[in-house]
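Chain identifiers are assigned alphabetically (A, B, ...) following the order of the sequence lines, protein sequences preceding nucleic acid strands; residue numbering begins at 1 within each chain. Values reported hereafter were calculated over all heavy atoms of this structure, with side chains retained and with hydrogens, waters and symmetry mates removed.
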Amino acid sequence: MNARLVDASCRRGYSGAKMPAGTDQRSTRIDARLLRDLQKLLGKGGVLHSSEDLLLYEYDGSVEVARPDCVVFPRTAADVVEIVKLANRHKIPLVGRGAGTGLSGGAIARHGGIITSFARMNLILEIDAENQRARVQPGVVNSDLSMAVEHLGLHYAPDPSSQKACTIGGNVSENSGGPHTLAYGVTTNHVVALEVVLPSGELVRLGDAALDAPGYDLTGLFVGSEGTFALVTEITVKLTRLPEAVKTLLAIFDSVDDATETVAEITARGITPAACEMLDGWTIRAVEDYIHAGFPLDCAAILLIDVDGLREVAEAEAKDVADVCRLHRARDVRVARDPSERDLLWKGRKNAFGAAGRLSPSYYTQDGVIPRTKLPATLRRISEISKKYGLQIGNVFHAGDGNLHPIILFDERNEKQFRDTIRAADEIIEFCIQVGGSITGEHGVGMEKDRLMPLYFSEADLNLMRSVRDVFNPAGLLNPGKILPDSKGCGEIYVRPQSAPPAPPA
Amino acid sequence: MSMTSTDIASRLAEIAGAAGVISDPAQIAAYQIDGKTPAAVVRPGSSEEVAEIVKFAAAERLAIVPVGSRTKLGIGMPPRKYDLALDMTRLDRVVAYDPGDLTLSVEPGITLRKLAGVLGEHRQFLPLAVPFMDRATVGGTIASGVDSPLRQMYGTARDYVLGMEFVTSEGVVTKSGGRVVKNVTGYDLHKLMIGALGTLGAITKINLRTFPMPRMARAFLATFRWANGACEFRHAIARSHLRPQSIEIIAARDSSLLRLDDRPGPLFENGRWSALISAAGEPGVLERYRRELETLARGADRNALESFAELGEAEQERLTSYIRELPALAASASQPAAILKISALPKSLTGLAEGIQSVALRHDIPWAVMMRGVGVTYLALMAPDRSAESLRRLKDACSTAMRSCAERQWGRGVLLWCPAEFKRELNVWGEFSSDFALMQKLKNVFDARGIFAPGRFVGGL
């Protein structure tokens, strides 16, 4: 069966080259008794273990690959408790997974083991409109929750580009962002309580639907822990009132610098748009060819800006933003006339990665953050890096909060190109750190950037983080090989090995 | 053998310099917590000095309480042991401020007032309109977890602290987060430090998001004849498209006990429930707020509305600062007083309002209440005089209110401030939650030596 929920257009990442060590002995790794116990618990349809089924779970939206030993589908928290106990007894790694749209390998079984898919725990348990809360199972798809509360004039604010596929459980693990987090905040700002199963098999509630629960903010610590603390079985989130009015502006620029300087100026004027996205010329052309959103083909950059709130506020801010754009030599500023035009513009933005996938055998999406005022310098640096390696790099990003997503195109069959791609990506991240930014804004560290952590954190910082992880996950049963580099290797930067031979046919 | 005060002071002077150590007993007395006096007070001038002091304290098993301007030391249980007050007020620099990026990095000892001046030059601010505004430090405000009426719009520190540097009991300077507005690199350890009362370590740097200051703001006051009117008004606002900066519901019985020279007009008329709403925007927008808020107030719970007014600038400033300082006023009232913080959900506010009145009535204790639009509620209970009988009634009222929080599901209750002697009998933190074991383990990770404010926090952490 194919339980993947991923929007196929979102995923054309690199795959097939990198396999974990010990791949060939996989068939013997899962103990027959464990398999039997899992099947007894979840039914035969609740456990996948054939090679062709597992193939679908060896990747996510990133360039990372590793095959699990089996995939299980719990329906209740009690199922999850039993799965954890079984994994514990057999000392086999356990990895939680939502829709597998993650971009840093968070939901990949790096060292094999059991993937716990939350695809069947997808119930909205309670909608409490008066208190503006919803209680959901982790497998609920992000945009499904917003749709379920739309008739109440509410929505769930964090909106990752993959929101039509990604799950709220995955969002909690990654502390996902999205275009509209500029004004509304990221996942952590909207999660108030969690029910989790610790690797010990203990079911614990963190936080409370009401705010300011006494004690340490375990919910705040937990969100963004990338599945390394516990498996989440229930999430209580805040619901946000839909704005009365939204205005979407499309500003067209003949120079990237003009566009980035516009962003800095909007912030400087005290305007906080609901979203402020930038696409560069290359990306615009890729998107236009695919989505036909009406982006001009001959420009250097566009800004896609949402302002919202009360009608009067949205109108006034739209005017102010348009003025700033023109002041910075925007060739044209268009305001979407109706919701369908707005949706089309946003469709263009949200499918930018899919568009890149149509033009290249593979692509690598980087995720870095910089202080907003460093946007012009950073984009110039990315352009230099692109020239240095002769690699096409498209830029589409959350300009308003300085969250970059350079898309590096490459051909996975060309080993040198693959290595250059990783080097180029690393150089971009090094520059981000140099200008006061960080290594990931919303995609997570996962297995993609653990080796880069020592660039950003000291050994002492990493040691404390390791000890905190061990409070929840002392034996490393949950999602091993993520976030924190192995303690022995963290003094130096790990150089990724060359591509291994492709995976054997299933 | 434990060290004498003199030994401690001389060792501290080696680290922080003679000027960085306070040894005059009269001055040390100002660092008392619930009657406990530290052996010495040290005022470090850098993160490195903090780390050295902590190493020294850990080696000598000296208990440390990090303090700022000492306005909120009454929160929590008395420390089991209190040898050293770590006064952070010399660490008061702005490390970095990038107005264009709306980010800020400060040392914890800078006062909110001083910082407001720095940010104000760029028409920016921090939405920390907290009690003791004129003296409180940024570090003390964040470590004590006090909130601000502006949380209605801006959230709390957990929403705008971007990262921190702190010293754990190993004496190691450690950091988490960063200084960019969006960041998921590593675990958000700094979230644990917010509201932890210094039980996990000493904060040495705080990175914050700053906000553009609205060009204009107005406050509106609606006074209702009964509690449900004000609560229904709050719910109606929540259902509307309005996005006020703050919503506060206020009521009191016998507010004269708050010994106010300029009593804030209609706010505390006996039996009346007032809702103070503030909103920001251009004149046209504010006019719409006035119009729609009035309509919503009139529509709330039949004929509950008594009056509705837009406040003049002076009145607005007076009432908003009064509301900001209400917990401080009650905590420093001339008569013994206690303040409960109740984590309620908005829907429970009406029931909570009724419950509060019946508890106060039963124990014949004057009270004042402030319910924020997000549900978080502060209840001040005040003894009418200093007699033993009044004190006993106050304690019984606190005890009943804390019990009611749990039994009647008002929301988790914390006895934020109360006379120190109550703490011998009342558990100020309320009942345990199922995640307490995890909190204990985390405390052991950050403070393996058990030297940071031992016993002040939830469950004796």
Side-chain angles (χ1 to χ4, degrees), chain A residues 130-132 174-175 177 181 185-186 188-189 204-206 208-218 220-221 224-225 241 243-244 264 267-268 270 272 309-310 312-313 316 369-373 401-403 436-442 444-445 453 456-457 460-461 464-465 467-468 471 483, chain B residues 98 100-103 123 145 147 155 158-159 168 172-176 178-189 191-192 194-196 212-213 235 238 241-243 281-282 284-285 288 341 343-347 374-376 411-412 414 429-430 433-436 438-439 441-442 445 458:
Chain A
E130 282 176 276
N131 288 319
Q132 293 182 220
E174 301 296 321
N175 190 12
T181 55
V186 295
T188 194
N189 308 111
V204 186
R205 293 200 67 92
L206 314 178
D208 196 89
L211 303 176
D212 296 9
Y216 301 131
D217 181 9
L218 298 186
L221 174 68
S225 58
R241 184 69 44 198
E244 180 180 48
T267 313
T272 305
L310 290 182
E312 296 86 340
V313 174
V369 212
I370 50 162
R372 291 169 263 223
T373 48
D401 38 28
N403 188 186
S438 97
I439 69 176
T440 168
E442 58 179 5
V445 175
M453 287 288 270
Y456 188 73
F457 285 118
D461 303 339
L464 184 62
M465 287 185 191
S467 308
V468 167
V471 160
I483 303 189
Chain B
D98 303 298
D101 293 318
L102 295 167
T103 58
R123 296 204 52 80
D147 69 345
R158 91 191 279 277
D159 299 304
T168 60
V172 180
V173 181
T174 314
K175 68 174 181 302
S176 70
R179 198 152 57 81
V180 276
V181 295
K182 200 170 172 190
N183 187 10
V184 294
T185 310
Y187 300 130
D188 277 356
L189 304 183
K191 289 237 163 54
L192 296 174
I194 300 171
M213 204 184 277
H235 300 328
H241 287 298
L242 302 178
R243 293 177 176 181
E282 301 298 319
V285 172
R288 183 172 162 197
K341 180 181 181 186
S343 294
L345 281 164
K347 214 160 59 177
V374 296
V376 171
R412 309 262 303 268
V414 170
W429 293 108
S433 50
S434 77
D435 50 3
F436 181 70
L438 286 171
M439 292 184 196
K441 288 183 191 166
L442 286 167
V445 164
V458 177

Heavy-atom pairs under 4.5 Å with chain B: which of [options] has the most?
options: Leu310(A), Val313(A), Asn189(A); result: Leu310(A)
options: Gly224(A), Gly215(A), Gly309(A); result: Gly215(A)
options: Leu221(A), Asn175(A), Val204(A); result: Leu221(A)
options: Gly270(A), Ser225(A), Pro214(A); result: Pro214(A)
options: Ala460(A), Ser438(A), Ala268(A); result: Ser438(A)
options: Thr272(A), Val186(A), Leu218(A), Val445(A); result: Leu218(A)

*Listed by chain and number, what are the side chain to side chain donor-acceptor pair (under 3.5 Å) partners of Thr188(A), not counting sequence neighbours?*
none

Is it the side chain or the backbone of [X] that comes within 4.5 Å of chain B heavy atoms, both, or neither?
X: Asn403(A); answer: side chain
X: Val468(A); answer: both
X: Met453(A); answer: side chain
X: Gln132(A); answer: side chain
X: Ile483(A); answer: side chain

Which heavy atom in [X] sits nearest to a heavy atom in [Y], and how many Å separate them?
X: Met465(A); Y: Ser176(B); answer: CE-CB, 4.1 Å
X: Asp461(A); Y: Val173(B); answer: OD1-O, 4.2 Å
X: Met439(B); Y: Ser433(B); answer: CE-OG, 4.4 Å

Using a cut-off of under 4.5 Å on heavy-atom pairs, state which of [options] scores highest against chain A.
options: Gly430(B), Gly284(B), Ala238(B); value: Ala238(B)
options: Leu438(B), Val414(B), Ile194(B); value: Leu438(B)
options: Gly178(B), Ser343(B), Pro212(B), Ala196(B); value: Ser343(B)
options: Leu189(B), Asp98(B), Asp188(B), Leu242(B); value: Leu189(B)
options: His241(B), Lys191(B), Lys182(B), Arg158(B); value: Lys182(B)
options: Thr103(B), Asp147(B), Thr168(B), Leu102(B); value: Leu102(B)

*Spacing of Glu442(A) atom CD and Thr181(A) atom OG1 [to the nearest 0.5 Å]*: 6.0 Å

Select one option (side chain, backbone, both, neither) describing which atoms of [X] are under 4.5 Å from chain A's heavy atoms.
X: Asn183(B); result: both
X: Val458(B); result: side chain
X: Arg288(B); result: side chain

_No-hydrogen, no-angle side-chain donor-acceptor test under 3.5 Å, Asp101(B) and Thr373(A)_ = yes

*asked:* Test your reading of the model: is there a side-chain donor-acceptor pair from Thr185(B) to the backbone of Thr440(A), 3.5 Å cut-off?
replied: yes

